[in-house]
Q: 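For reference, the structure I am asking about is given below.
What you see is a predicted model; the values in this text were computed from it and never measured.
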Amino acid sequence: MAQAVKRQKAKKGTSEPKDIIVLEDVSKSYSTGAPALNGINLKIKRGEFVFVVGDSGSGKSTLIKLLLRELLPTSGSVMVNGQDVVRLKRRKIPKFRRNLGIVFQDFRLLKDRNVYENVAFAQRIVQVPTREIKKNVPAILSTVGLAGKYKAKPRQLSGGEQQRVALARALINKPSILLADEPTGNLDPKNSWEIMKLLEEINEKGTTVLVVTHNREIVNAMKKRVVTMKKGVIVSDEEKGGYIDED
Ligand code: ADP
Ligand code: MG
């Protein structure tokens with residue numbers, strides 16, 4: 001009986017709530033300085049596309065790190081995909097993170113491995129059989145427009161191509177949420193647009209996408225939900241919003 005109850009609870013814990021991300025009264029202080037986040041309340045629905053904008057130092061990366069459980073909040077509650085991230089046991093963190101794809105400004109590829117290996121690696125660590133990997137990697141590389149570049153090393157690719165590899169790696173395990181922390185920060189306008197369009201396509205296929213960016217032009221053109229942060233606080237949250245001009 002106890003077992004059955006426990007199993008049911010476990011199942012409930014992993015059910016799919018409508019709000020895939022819920023932060024309630026979240027604050028985060030590092031050992032020095034003002035709080036990086038100060039009373040954040042934020043709900044993101046399954047399948048949404050959200051931009052997070054704000055000056056450097058406003059707490060955007062801290063927010064991403066809380067969602068990944070790289071950091072714990074000083075206070076407040078962080079729910080991701082129905083899981084209480086604060087209470088998550090250490091041994092359950094790897095499985096929890098499998099459901100999150102992440103890309104960064106600086107790509108973070110393995111420099112001595114080729115494109116195929118960089119993407120395949122994400123599947124090897126979760127023990128996908130090699131014959132599956134051989135099917136999955138070409139499929140995801142063609143989704144990001146990189147078919148035919150399997151053997152290139154990162155240094156042989158443009159910034160835009162490297163970010164596509166990073167995106168393929170983030171997506172290959174089919175995460176329900178894709179987090180991107182300034183993914184176009186190192187790219188020229190053309191490549192920035194191409195990456196953002198890819199993120200939009202990925203979102204249209206069902207993945208929840210949260211993008212931290214400084215790219216004013218793209219944010220204003222794409223008409224998505226825009227959450228604006230300032231000094232650790234959300235100062236605006238608008239459907240089909242734009243970049244708030246303070247200059
Ligand atoms: P953003 O990504 O919006 O630029 P961050 O979340 O990186 O902002 O930083 C928010 C605030 O927290 C900044 O004042 C920053 O200096 C501080 N901060 C970030 N990481 C640390 C850390 N590891 N130790 C101390 N302070 C930090
Ligand atoms: Mg940052």
Q: Which atom names give the shortest non-hydrogen contact between Asn118 and Pro154, and what distance separates them?
A: ND2-CG, 4.0 Å
Q: By salt bridge (Lys or Arg N to Asp or Glu O under 4.0 Å), which residues pair with Lys224, not counting sequence neighbours?
A: Glu200
Q: Let me confirm one number: the CG-CG distance from Leu67 to Leu42, rounded to the nearest 0.5 Å.
A: 8.0 Å
Q: Applying ring pair (Phe, Tyr, Trp, His ring centres under 6.0 Å), which residue pairs with at least one partner in residues 20-54 are found, sequence neighbours left out?
A: Phe49-Phe51
Q: Are any of the side-chain nitrogens in Glu201 or Lys205 under 4.0 Å away from the carboxylate oxygens of its partner?
A: no
Q: Any pair with a residue in residues 90-99 that passes side-chain hydrogen bond (donor to acceptor under 3.5 Å, both in side chains), sequence neighbours left out, goes on the list, sorted by first then second residue, please.
A: Asn99-Ser176
Q: Scan for salt bridge (Lys or Arg N to Asp or Glu O under 4.0 Å) pairs involving residues 19-41, sequence neighbours excluded, and state none if there are none.
A: none
Q: In sequence, state the C-alpha distance, the side-chain angles, and the governing distance for Tyr243 and Ile218, and then conclude on side chain to side chain contact (heavy atoms under 4.5 Å, CB included).
A: CA-CA 9 Å; Tyr243 220 100; Ile218 290 179; over 6 Å; no
Q: Looking at Leu171, is its backbone amide N or carbonyl O close enough to the side chain of Lys174 to form a donor-acceptor pair, meaning the two atoms are under 3.5 Å apart?
A: no
Q: Please identify which of these residues, Leu210, Val211, Val209, meets the side-chain contact (heavy atoms from CB on, under 4.5 Å) condition with Asn203.
A: Val209
Q: Within the 4.5 Å heavy-atom criterion, are Leu167 and Leu178 side-chain neighbours or not?
A: yes
Q: Hey, does Thr213 have a side-chain heavy atom less than 4.5 Å from the side chain of Glu182?
A: no
Q: Testing the 3.5 Å rule here: is there a donor-acceptor pair between the side chains of Asn191 and Gln163?
A: no
Q: How long is the straight-line distance from CD of Gln123 back to NZ of Lys134, given to the nearest 0.5 Å?
A: 13.5 Å
Q: Leu146 pairs by side-chain contact (heavy atoms from CB on, under 4.5 Å) with which of Ile140, Val165, Val119?
A: Val165
Q: Between Gly159 and Phe107, which heavy-atom pair has the shortest distance, and what is it?
A: O-CZ, 3.5 Å
Q: Kindly give the heavy-atom pair with the smallest separation between Ile40 and Gly232, and that separation in Å.
A: CD1-O, 3.4 Å
Q: Do the non-hydrogen side-chain atoms of Lys231 and Asn38 ever get within less than 4.5 Å of each other?
A: no
Q: Consider only side-chain heavy atoms of I, L, V, M, F, W and Y, link residues closer than 4.5 Å, and tell whether Val233 and Val78 are in one cluster.
A: no
Q: Could you work out, with salt bridge (Lys or Arg N to Asp or Glu O under 4.0 Å) as the rule, every residue matching Arg124, not counting sequence neighbours?
A: Glu117
Q: Enter the distance from Thr207:OG1 to Arg46:CZ here, rounded to the nearest 0.5 Å.
A: 11.0 Å
Q: Hydrophobic cluster membership, with links at side-chain heavy-atom distances under 4.5 Å among I/L/V/M/F/W/Y: are Leu37 and Leu179 in one?
A: yes
Q: Please answer: with hydrophobic residues joined when any side-chain heavy atoms are less than 4.5 Å apart, are Leu88 and Ile64 in the same cluster?
A: yes
Q: For a quick test of reading the model, state the closest non-hydrogen atom pair linking Ser77 to Val26 and the distance between them.
A: O-CG2, 3.3 Å
Q: With rounding to the nearest 0.5 Å, note down the distance linking CZ in Phe96 to CZ in Arg69.
A: 8.5 Å
Q: Show every salt bridge (Lys or Arg N to Asp or Glu O under 4.0 Å) that has at least one partner inside residues 147-157, sequence neighbours left out.
A: Lys149-Glu161
Q: Taking the side chain as everything from C-beta on, heavy atoms only, tell me whether Lys197 gets closer than 4.5 Å to Glu194.
A: no
Q: Looking only at non-hydrogen atoms, find the nearest pair between Asn173 and Ala122 and report the distance.
A: ND2-O, 3.0 Å
Q: For a quick test of reading the model, state the closest non-hydrogen atom pair linking Pro183 to Val212 and the distance between them.
A: CD-O, 3.4 Å
Q: Can you confirm whether Glu217 is buried at CD, in the sense that more than 12 heavy atoms of other residues, nucleotides or ligands lie under 6.0 Å from that atom?
A: no
Q: So, Arg164 side chain and Ile195 main chain: donor-acceptor pair closer than 3.5 Å or not?
A: no
Q: Evaluate Asn114 against Tyr150 for side chain to side chain contact (heavy atoms under 4.5 Å, CB included), listing each step before the verdict.
A: CA-CA 7 Å; Asn114 66 24; Tyr150 302 175; 6.0 Å; no
Q: How far apart are the C-alpha atoms of Lys230 and Asp55, what are their side-chain angles, what is the distance that settles it, and do they pass the salt bridge (Lys or Arg N to Asp or Glu O under 4.0 Å) test?
A: CA-CA 7 Å; Lys230 191 172 184 182; Asp55 294 342; 5.9 Å; no
Q: Find the distance between CG (Leu199) and CE (Met222) and round it off to the nearest 0.5 Å.
A: 7.0 Å
Q: Of Val80, Ile21, Leu68, which meets side-chain contact (heavy atoms from CB on, under 4.5 Å) against Val85?
A: Val80
Q: Under 4.5 Å between side-chain heavy atoms, counting indirect links through other Ile/Leu/Val/Met/Phe/Trp/Tyr residues: same cluster for Val226 and Trp193 or not?
A: yes
Q: Answer yes if Met79 and Leu100 sit in the same cluster of Ile, Leu, Val, Met, Phe, Trp and Tyr residues linked by side chain heavy atoms under 4.5 Å apart, and no otherwise.
A: no
Q: Quick one: pull up CD in Gln105 and CG in Asp181 and give me the separation to the nearest 0.5 Å.
A: 8.0 Å
Q: Run the side chain to side chain contact (heavy atoms under 4.5 Å, CB included) check on Thr208 and Ile44 step by step: do they pass?
A: CA-CA 8 Å; Thr208 306; Ile44 295 176; 3.8 Å; yes
Q: Begin from the C-alpha positions of His214 and Lys60 and carry the test side chain to side chain contact (heavy atoms under 4.5 Å, CB included) through to its verdict.
A: CA-CA 11 Å; His214 284 291; Lys60 305 178 302 295; 4.0 Å; yes
